[in-house]
Amino acid sequence: MLDKRYDPKKVEEGKYENWKSKGYFTAGDKTKNPFSMVIPPPNVTGKLHLGHAWNTTIQDITARYKKLRGYDVLWLPGMDHAGIATQAKVEAKLRKEGISRYDLGREKFLEKAWEWKAEYANNIHEQWAKMGLMLDYTRERFTLDEGLNNAVLHVFKTLYDKGLIYRGERIINYDPELKTALSNIEVVYEDDKGKFYYFKYDVVGTNESLIVATTRPETMFGDTAVFVNPEDPRYKHLIGKKVINPANGEELPLMADSYVDIEFGTGAMKCTPAHDPNDFALAKKYDMPFIRCMDLDAKMNEIAGKYQGMDRYECREALVKDIEASGHLVKIEDIVHPVGHSERSGAVVEPYLSKQWFVKMRPLAEQALAKSSVEFIPERFRDTFRQWMENADDWCISRQLWWGHRIPAYYNDETGDVIVSDKPVNLPGYHQDEDVLDTWFSSALWPFATLGWPEKTPDFERYFPNSLMVTAYDIIFFWVSRMIFDSLEFTKESPFEKCLIHGLIRDAHGKKMSKSSNNGIDPIDVINTYGVDALRYFLTTGSAPGQDIRYIEEKVIASSNYLNKIWNSARYVLETVGEDFKPFKIDPSKLGLLEKDILTKLNNTIKNVSIYMDKYEYSLASTYLYNFVYDDFCSTYLEMSKVTLNNSDEEYRNIVKNVLVTVLRAIIIMIYPFAPFIGEELYLSLPTHLESIMLEVFPSEVEVGQYNATAVDTLYKMISDIRNYKVSNKLAPNAKVNLLVATKDEDLISLKDHLSRFSFAKSLGFIETSDNSGVKFVYDNATMYLLDDTSDEEKALKKQKDIEFYKNEIARSEKILSNENFLAKAPKEKVELEKAKLEQYRAKLEELLK
RNA sequence: GGAUGUUUAGCUCAGCUGGGAGAGCAUCUGUUUGACGUACAGAAGGUCACAGGUUCGAGCCCUGUAGCAUCCACCA
């Protein structure tokens, strides 16, 4: 027997290990159609947060549902080495021990990183198990494993041979703390407080000077020109002359280009080609030199003269002081301006001219835009993808790190030769590039490389392209778009058929969860308090696809209450039918009205749940199920069954029990993808069951046939009206009442026991034609009189209220039906429906007025 | 500067091709009715941001305005 209360801890215990050991998670049944997903590989940097919980729950619901639907489901797990992120963490850990990565050297450092990976992979496995994820661990992959590594080398070499990967000098975003290049999207812009320095530049050969403003004075040593707009009347006459750089006294040409905004600052701009991407472009245009005045550690170099060796900020301070002393400082303004920070280290990014590896984006992006067949859900995210693709700059893929795929380029310093090879090169005089690849270079191959590509493995043949990818919208640029263009380039197919996009999870006030605001919620805490099923249900219901959700504890509690409701309804059914009960095939001809009614509602629920599950609209699917469970099953049929079971013979009692079990079984299987643990527990309590709910199939509709639904509706309305009447007349809920029902509906009369029980009827009579005593309730197929000591006044009041109601309804209906345009243009069914309603209202009013 | 989302009950949110506004929580009234007080029976609560338009009919479609949020690009 089930416990009185649903206890998540007890219910969850042992189930996951059992499923796993029985091999239920392992794909490969060739008799079925495949359905495949790969998990977005979490970084091996730390704990999984609620966002992961949400993301993986959506996938798990999908996997379990598709399995119920008879698919051979492959959900492939794996993790990402997360180059920068992990290396930053490992370095931070070492730093606490007083060691730098250089103390250890590459080999030893990588050993430490692998140790780190092992520890965190273990944490992640534990969390996946807690979440109940149906992952096929026999196929688990890691972005740095041998297979992925081969795929990465193959891709690098192929793109290189095609000219789609090149090495070049460009301005890149440099993280001086982690000492590595970053790609554009690894830079986050924040509004920082800064200063705007106005300096006076003397114009050579004149008495004039002009004022140039900058936020980064320390880069003045790398300046090669000052630019103004050619149309700027203030400076027009000076164009072509030289000005003196107040930082070092050197002469700079005063040049003109329409790029310069007349309105901004002083309208005169210094040009630092090696330290600013826009200046770099200008310098290219005018064939100017690129002068680096800083080293990679953000310290000034020999170009800066006496400032050499200073940190960039130190230099800034000293230089400004010196310029002020020379009388060339005009003013300093406090400003707030966007400053690029490294996503991982937070360091202020330094635009820096250096030699890096790049992926040439245009050809790949155009192919992706032209050929991608990925269907985004919701559709609007296709535009997000498109917009980024259309504007994507070349992708800087080299990182000056150790943790990652080492770039397979080999240099001969003497000859200047470069060999790119997917096999190790051991030629004398050659040495391998020290850098590794951007972590996203390998994740971009995830959907196919995890299946064995570039080999044509059976898994690749069978499970690629993936059926579905599930991820949050913030990762479309980083990952989704790159998977799509790499997949199209290398497999000639889109990596997945559909891409389901969800939002971000926020705190109760709508703020982004983050470490800095300390508002993060650990999913494990939630699971320990309310159970994983409640968390899963909360995460995937009550929200629309693609929208953000807020974590609200009350909602998790509500979810838990709902599961408890299902638990207790199961308890009632199982206690009622008994352990020895043997369910049998339903014979529609033997069903009673109420049985037909609940089964019909079940059929509708199965239909709707299926429709929305198939469309990945889990929130809507769950709403239909919820309403059925609460209103139709628990509050109504289940209560009715108590009366039926008391008042019928053995054969009919068995039919009712059979219906109870049938409905319960369907509910359990439908809720199970959302709440697998309680689903399994209840399923295994059913009188007959398979070894596990994981082997079940989705419930199908039950043959019921036609029945008098009006009679059932009227019964439920009567009960509701009587309850309502008692409350509004301050009668106790169990106050006895005398009822008289005027009806010719034999089916309604056959339900008299239920009416009697739920109205606490003292007496209940049936008559053929209407009477005129008591408080009157009018239905489609009956009129009910409540005969008790209510005063005539109250009776009249109630009657007046009803009459008014119907009069209003009739007026509304007549108005619509007198509109010729409505009659002419609205669909016929709508018109007929309205006419039928009007007729009913009139009949009821007439009955009321008798 | 470009783009997207959002505005519906006190709060958090659903509302799927246009056809009589919904849920959970909170509030109020009742209830030892034979699974569930993590419950039951009821009640109250909304000019669906605003202004136009299309339509027989608009929370839903179109245009505009405003607030809130997010993303992209960024000015030296």
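Throughout, a chain's letter reflects where its sequence line sits, starting with A, and its residues are numbered from 1.
- Residue-level contact check: E639(A) touches the bases, meaning some heavy atom is under 4.0 Å from a base atom.
- Relative to the ring axis of W54(A), R536(A) does not place its NZ or CZ within 45° and under 6.0 Å from the centre.
- Looking at K642(A), its side chain comes within 3.5 Å of the base of A35(B) through a donor and an acceptor atom.
- Taking 3.5 Å as the limit, the base of C36(B) and the side chain of K4(A) contain no donor-acceptor pair of atoms between them.
- With hydrogens and angles ignored, a donor-acceptor pair closer than 3.5 Å exists between the side chain of K837(A) and the base of G20(B).
- Note: Y562(A) and Y626(A) have tilted aromatic rings, judged against thresholds of 30 and 60 degrees for the angle between ring planes.
- Interface remark: the R812(A) side chain does form a donor-acceptor pair with the G20(B) base, using a distance-only criterion of under 3.5 Å.
- The side chain of N646(A) sits closest to G34(B) out of A76(B), G42(B), G34(B).
- The base of G34(B) is paired with the side chain of R757(A) by a donor and an acceptor separated by under 3.5 Å.
- The base of G19(B) lies outside donor-acceptor range of the side chain of E834(A), with no N or O pair under 3.5 Å.
- Side chain to side chain, N604(A) and N608(A) fail the donor-acceptor criterion of an N or O pair below 3.5 Å.
- A side-chain donor-acceptor contact under 3.5 Å links Y572(A) and S641(A).
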